[in-house]
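Computed from a prediction, not measured in an experiment: that's the story for all the values here.
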Amino acid sequence: MDGPQYHADLRAHRHHRGIGFGRNEPLQRPGPTSAHVRADRSISGARHGIYHAPGAHRRCAESLTCDIRTAAELLGRHIEEICERTGSREVDIVGHSLGGLIARYYVQRLGGDLRVRTLVTLGTPHSGTAVVPLANAHPIVRQMRPGSPVIEELSRPAPGCRTHFVSFWSDLDHLMEPLETACVDHPDLITQNVQVSGIGHLALPVHPAVATGIRQALDTPRPEARPATRAGGLTVA
């Protein structure tokens with residue numbers, strides 16, 4: 001098994017308020033672990049085009065060879081580039097699997113809450129996952145295990161963190177062990193955990209019902225307090 005893949009398109013949308021997955025295709029064909037940034041809240045209110053950071057895919061892959069922390073620093077630099085290009089004060093991030101963990105580390109440990117209004121995660125092992133198929137020796141896989149130094153850092157106090165976290169977790173996600181590890185459980189964070197049914201790990205970013213839930217989350221004003229956890233918010237037969 002090759003090392004984990006990380007796919008990052010950092011972009012600002014001009015007309016549509018949705019999120020882009022893949023290179024130029026909204027909510028289609030994401031990489032196995034994805035993080036995507038939307039910047040459409042500008043200082044001036046001017047419209048923005050779609051921006052792609054040259055070399056982002058190659059540099060993210062290189063940085064992910066060993067360390068989530070390094071990848072989070074790189075994500076932060078790309079976000080600053082996007083804000084400079086678009087004139088935006090804040091961005092929204094959608095992260096799938098490992099991409100969500102990288103984005104959370106940036107927000108919670110590197111001061112990214114000053115830039116990130118809403119972070120949506122899909123099938124992200126927030127508390128670590130015991131599922132490590134054929135790659136237990138890989139450094140970044142070890143960082144995703146329960147009790148790893150990175151997971152322990154994310155459990156530390158984060159007073160005043162301003163980002164709104166929305167996590168989608170599925171009862172059919174076989175890469176999350178236990179399943180609830182895909183929920184954000186932290187007393188200092190503004191969180192909303194949304195359970196979906198009958199959707200596998202790789203299908204989370206492309207399922208129409210989840211896509212609708214993502215758009216709703218991004219169009220909702222940032223709450224000032226922790227909302228109640230939503231269980232069974234989406235159901236798929």
Side-chain angles (χ1 to χ4, degrees), residues 1-8 30-36 57 59-76 93-113 116 119-158 161 163 165-196 199-205 210 229 231:
M1 178 178 177
D2 294 332
Q5 300 180 47
Y6 177 64
H7 175 94
T33 51
S34 315
H36 306 271
H57 298 280
R59 284 179 284 169
C60 282
E62 289 172 353
S63 71
L64 271 174
T65 300
C66 296
D67 192 41
I68 286 175
R69 302 175 185 90
T70 302
E73 292 174 359
L74 180 59
L75 176 62
I93 300 179
V94 173
H96 178 229
S97 194
L98 174 59
L101 201 62
I102 292 167
R104 180 179 171 186
Y105 192 94
Y106 162 67
V107 166
Q108 191 176 330
R109 302 295 300 170
L110 302 181
D113 64 310
V116 180
L119 169 58
V120 178
T121 65
L122 313 171
T124 289
H126 290 285
S127 299
T129 178
V131 176
V132 284
L134 304 180
N136 191 36
H138 197 282
I140 209 163
V141 172
R142 292 199 297 269
Q143 290 183 330
M144 297 171 66
R145 291 181 63 90
S148 75
V150 167
I151 297 300
E152 190 277 330
E153 282 187 62
L154 293 177
S155 69
R156 295 176 188 172
C161 184
T163 298
F165 293 81
V166 181
S167 62
F168 287 80
W169 65 286
S170 174
D171 59 4
L172 199 61
D173 190 337
H174 299 306
L175 294 185
M176 299 296 108
E177 185 179 320
L179 292 172
E180 293 79 4
T181 193
C183 298
V184 179
D185 184 13
H186 193 293
D188 293 333
L189 302 182
I190 302 170
T191 64
Q192 185 175 23
N193 295 309
V194 183
Q195 180 183 350
V196 299
I199 304 176
H201 184 77
L202 293 179
L204 282 167
V210 177
T229 296

S.K.: Sub-3.5 Å donor-acceptor pair from the side chain of T181 to the main-chain atoms of G128, do we have one?
M.R.: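 Pair found, side chain donor or acceptor close to backbone of G128.
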
S.K.: How many angstroms lie between CH2 in W169 and NE2 in H201, if you round to the nearest 0.5 Å?
M.R.: 15.0 Å

S.K.: Answer yes or no: is there a side-chain heavy-atom contact under 4.5 Å between Y106 and V116?
M.R.: yes

S.K.: If we only count heavy atoms from C-beta on, is the V196 to L204 side-chain gap below 4.5 Å?
M.R.: yes

S.K.: For the residue pair V150 and S148, establish whether any side-chain heavy-atom pair is separated by less than 4.5 Å.
M.R.: yes

S.K.: What do the steps show when you test H174 against V131 for side chain to side chain contact (heavy atoms under 4.5 Å, CB included), and what is the final call?
M.R.: CA-CA 8 Å; H174 299 306; V131 176; over 6 Å; no

S.K.: Would you check, one step at a time, whether the test side chain to side chain contact (heavy atoms under 4.5 Å, CB included) holds for I190 with T163?
M.R.: CA-CA 7 Å; I190 302 170; T163 298; over 6 Å; no

S.K.: Checking H186 against T191: is there a side-chain donor and acceptor pair closer than 3.5 Å?
M.R.: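 No, H186 and T191 have no side-chain donor paired with an acceptor closer than 3.5 Å.
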
S.K.: Quick one: OH on Y105 to CD1 on I151, what's the gap to the nearest 0.5 Å?
M.R.: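 One gets 11.0 Å once the value is rounded to the nearest 0.5 Å.
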
S.K.: Is there a donor-acceptor contact under 3.5 Å linking the side chains of T121 and H126?
M.R.: yes

S.K.: Under the 3.5 angstrom rule, does the side chain of S155 hit a backbone N or O of E152 as a donor-acceptor pair?
M.R.: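 Yes.
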
S.K.: Between the main-chain N or O of I199 and the side-chain N or O of D173, is there a donor-acceptor pair closer than 3.5 Å?
M.R.: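 No; zero donor-acceptor contacts below 3.5 Å.
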
S.K.: Which pair of heavy atoms, one from Q108 and one from L154, lies closest together, and at what distance?
M.R.: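 In terms of heavy atoms, the two residues are closest at NE2-O, 2.7 Å.
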
S.K.: Using side chain to side chain contact (heavy atoms under 4.5 Å, CB included), reason through L74 and I102 one step at a time and then give a plain yes or no.
M.R.: CA-CA 10 Å; L74 180 59; I102 292 167; over 6 Å; no

S.K.: Can you give me the closest heavy-atom contact between A158 and D188, atom names plus distance?
M.R.: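 Shortest heavy-atom contact: N-OD2, 2.8 Å.
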
S.K.: Do the non-hydrogen side-chain atoms of T129 and L175 ever get within less than 4.5 Å of each other?
M.R.: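 SC-SC contact between T129 and L175 ruled out.
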
S.K.: Drop me the distance from L98's CG to T124's OG1, to the nearest 0.5 angstrom.
M.R.: 8.0 Å

S.K.: Heavy atoms only: give me the nearest P125-S97 pair and the separation to one decimal.
M.R.: CD-O, 4.0 Å

S.K.: Among R69, Q143, R142, exactly one meets side-chain contact (heavy atoms from CB on, under 4.5 Å) together with P149. Which residue is that?
M.R.: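 Of the listed options, the one satisfying the test is R69.
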
S.K.: I'd like to check R104 versus V184 (side-chain heavy atoms, cut-off strictly below 4.5 Å). Are they in contact?
M.R.: yes

S.K.: Please step through side chain to side chain contact (heavy atoms under 4.5 Å, CB included) for the pair V107 and D113, ending with a clear verdict.
M.R.: CA-CA 5 Å; V107 166; D113 64 310; 4.1 Å; yes

S.K.: Mind listing the closest non-hydrogen atom pair of S167 and C183 along with its distance?
M.R.: OG-CA, 3.7 Å

